[in-house]
Protein chains: 2
Amino acid sequence: MDGFERIKVITRSFRELYHALWLLGQVEELDITGIQLFVLSAVAKEPNLSLGELAEMMQTNNSTMSGIVDRLVKADLIVRERSEKDRRTLTMRITPLGEEKRKQAKKYVQERLSGLANMKDEDISLLLKLHQDILDKIHLEGDGKKDDESK
Amino acid sequence: MDGFERIKVITRSFRELYHALWLLGQVEELDITGIQLFVLSAVAKEPNLSLGELAEMMQTNNSTMSGIVDRLVKADLIVRERSEKDRRTLTMRITPLGEEKRKQAKKYVQERLSGLANMKDEDISLLLKLHQDILDKIHLEGDGKKDDESK
DNA sequence: CGAAAATAATTCGTATACGAAATGAAAAAC
DNA sequence: GTTTTTCATTTCGTATACGAATTATTTTCG
């Protein structure tokens, strides 16, 4: 397996897992996606999170999060308002319908992914460490190459 | 860290790696995406692959692959024709421009991801094994629940 | 053979995803 | 205090991604 072949195999593996886990087949019968559920949980736990904070928590782009929030609002699962203090910023809170959906979906996901939840601690640590190593390697190389005016 | 929190952390990690690796920021200056490069390589190595075979190799959906191939054709990187023997099936071959692009992009990716290419064999095996374990866990649970008429 | 079933690819509708550009509002600079 | 800059969010254009429906062709069945 040469270098390029490795890169293919590894990227394919990440892609596969990403889709299996993140999208969750759109949490089938509940008509909500994985990331929508995580956003719903975050908003339930901490109302008044801004969109940017949400995006950072989920490690996604602002524009992506804007769309996700938009769909949650359209589905009546959260309410989106401008902050009084800073009218650029959003505040969000979950609706009763959203709270219901959150509970159901969380239950569903916990059952569906119980194997994941029950993984050994050391395996999880190992997995996350390997992932971080890869990220470090990629980012080091990327930065060294293109971006020399750091700060 | 409870079960749900774990699920969040792990899915986020996969999402992050997927994007870092798979999309490759669209292989910056070359104006081609990661999966386009892999498809280009596959077609170069084995002309006359059908679309379905390509989709299976990349573990993606037929409709997704259809779009990817479509964009490669529009960019003049591959030629798409109907097979003589079975006019439902496609055959594809790379164009001279596509071959050029493939070489450049492959070189770029190998440099950009040399850290990945040089990972220790045992780390790669370990990573892929952990991934497979997770997939198995998820799929076992999923199948038991919804899909009992297996074969 | 001709109708029905199966197969390969495409199209459609929707969601995620990113970066760039646009918008609107607050803060900083002058 | 007005102009400039910064900041938060949205919009736009494009790519990936999936499942369902559609189309075109081949195979199978009666």
Side-chain angles (χ1 to χ4, degrees), chain A residues 11-12 14-39 48-56 58-75 77 80-92, chain B residues 11-12 14-40 48-56 58-75 77 80-92 146:
Chain A
T11 55
R12 200 164 53 210
F14 276 111
R15 182 186 159 286
E16 199 177 355
L17 268 290
Y18 164 60
H19 275 282
L21 287 173
W22 188 257
L23 301 179
L24 283 171
Q26 322 221 15
V27 189
E28 284 107 285
E29 56 269 358
L30 287 165
D31 198 32
I32 183 178
T33 66
I35 190 159
Q36 285 176 7
L37 169 57
F38 292 143
V39 169
N48 305 324
L49 276 175
S50 76
L51 189 139
E53 287 165 339
L54 266 179
E56 197 174 346
M58 304 293 158
Q59 296 183 247
T60 192
N61 194 289
N62 271 10
S63 57
T64 301
M65 189 51 71
S66 188
I68 291 164
V69 164
D70 210 58
R71 284 180 285 275
L72 287 173
V73 170
K74 285 210 177 76
L77 303 179
R80 168 182 47 185
E81 284 163 338
R82 291 281 164 184
S83 160
E84 288 299 309
K85 292 174 204 144
D86 183 341
R87 304 196 52 73
R88 290 171 301 184
T89 304
L90 294 181
T91 59
M92 279 162 281
Chain B
T11 55
R12 201 163 54 209
F14 276 111
R15 182 185 159 287
E16 200 177 354
L17 268 290
Y18 165 60
H19 274 282
L21 287 173
W22 188 257
L23 300 179
L24 283 171
Q26 320 221 13
V27 190
E28 283 107 285
E29 55 269 359
L30 287 164
D31 199 32
I32 183 177
T33 67
I35 190 159
Q36 285 177 7
L37 169 57
F38 293 143
V39 169
L40 214 50
N48 306 322
L49 277 176
S50 75
L51 189 139
E53 287 165 338
L54 266 180
E56 197 173 347
M58 304 293 158
Q59 296 184 248
T60 192
N61 194 290
N62 269 11
S63 57
T64 300
M65 190 51 70
S66 188
I68 290 164
V69 164
D70 209 57
R71 284 180 286 276
L72 287 173
V73 169
K74 284 208 178 76
L77 303 180
R80 168 182 47 185
E81 284 163 336
R82 293 279 165 184
S83 159
E84 289 299 308
K85 292 175 202 142
D86 183 342
R87 304 196 52 72
R88 289 170 303 185
T89 304
L90 293 181
T91 59
M92 278 162 282
K146 313 191 61 83

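Because the structure is predicted, anything quoted here is derived from the model rather than measured. Chain letters run A, B, ... following the sequence lines, proteins first, then strands; residues in each count from 1.
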Using a 3.5 Å cut-off and no angle test, enumerate the donor-acceptor pairs between side-chain atoms of residues 63-73 of chain A and protein atoms at least two apart in sequence or in another chain.
{"residue": "A/S63", "atom": "OG", "partner": "A/N61", "partner atom": "OD1", "Å": "2.8"}
{"residue": "A/D70", "atom": "OD1", "partner": "A/R80", "partner atom": "NH1", "Å": "3.0"}
{"residue": "A/D70", "atom": "OD1", "partner": "A/R80", "partner atom": "NH2", "Å": "3.0"}
{"residue": "A/D70", "atom": "OD2", "partner": "A/K74", "partner atom": "NZ", "Å": "2.7"}

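The side chain to side chain donor-acceptor pair (under 3.5 Å) check on B/T60 picks up A/R15, with sequence neighbours excluded. Considering only residues two or more places apart in sequence or on other chains, B/T89 meets the side-chain contact (heavy atoms from CB on, under 4.5 Å) condition with B/S50, B/S83, B/D86. Applying the side chain to side chain donor-acceptor pair (under 3.5 Å) criterion to B/Q59, with sequence neighbours excluded, gives A/R12, A/E16.
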Pick out the pairs of N or O atoms, protein on one side and nucleotides 19-23 of chain C on the other, that lie under 3.5 Å.
{"residue": "C/dG19", "atom": "OP2", "partner": "A/N61", "partner atom": "ND2", "Å": "3.0"}
{"residue": "C/dG19", "atom": "O6", "partner": "A/S63", "partner atom": "OG", "Å": "3.0"}

Pairs under 3.5 Å (N/O, protein and nucleotides 5-8 of chain D):
{"residue": "D/dC7", "atom": "O2", "partner": "A/R88", "partner atom": "NH1", "Å": "3.1"}

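For B/I68 and C/dA17, the CD1 to P distance is 16 Å, given to the nearest whole Å. Counting to the nearest Å, the P atom of D/dA17 and the CZ atom of A/F14 are 15 Å from each other. Rounded to an integer number of Å, the gap from CZ of B/R15 to P of D/dA17 is 13 Å. Between the P atom of C/dT10 and the CG atom of B/L54 lies a distance of 11 Å, rounded to the nearest Å. For the pair B/E84 CD and D/dT25 C1', the interatomic distance rounds to 14 Å; values are reported in whole Å. One atom, CZ of B/R12, and another, P of C/dA17, lie 13 Å apart when rounded to the nearest Å. One interatomic measurement links the two molecules: CG of B/L49 to P of C/dA8, which rounds to 14 Å at whole-angstrom precision. Nucleotide D/dG13 holds its C1' atom 13 Å from the CG atom of B/D31, rounded to whole Å.
For the pair B/L17 and A/Y18, the minimum side-chain heavy-atom distance is 4.5 Å or more. Counting heavy atoms from C-beta outward, B/E84 and B/T91 have side chains that stay 4.5 Å or more apart. Contact of the B/R82 side chain with the B/L90 side chain is registered, since non-hydrogen atoms from C-beta on lie closer than 4.5 Å. Counting only heavy atoms from C-beta outward, the side chains of A/Q36 and A/T33 approach each other to under 4.5 Å.
Taking only side-chain nitrogens and oxygens, A/Q36 comes nearer than 4.0 Å to OP1 or OP2 of C/dT16. Under 4.0 angstrom from either OP1 or OP2 of C/dT10 there lies at least one side-chain N or O belonging to B/R80. Applying the 4.0 Å criterion to OP1 and OP2 of C/dT16, one finds that A/R71 has a side-chain N or O inside that range. Within the structure, every side-chain polar atom (N or O) of A/Y18 is placed at least 4.0 Å from both OP1 and OP2 of D/dT16. For C/dT11, the OP1/OP2 oxygens have no side-chain nitrogen or oxygen of B/S66 closer than 4.0 Å.
Remark: B/E53 CD to B/N48 CG distance equals 9.5 Å, nearest 0.5 Å.
Between A/T60 and A/S83, the residue anchored nearer the 5' end of DNA chain C, judged by the nucleotide with its closest heavy atom, is A/T60.
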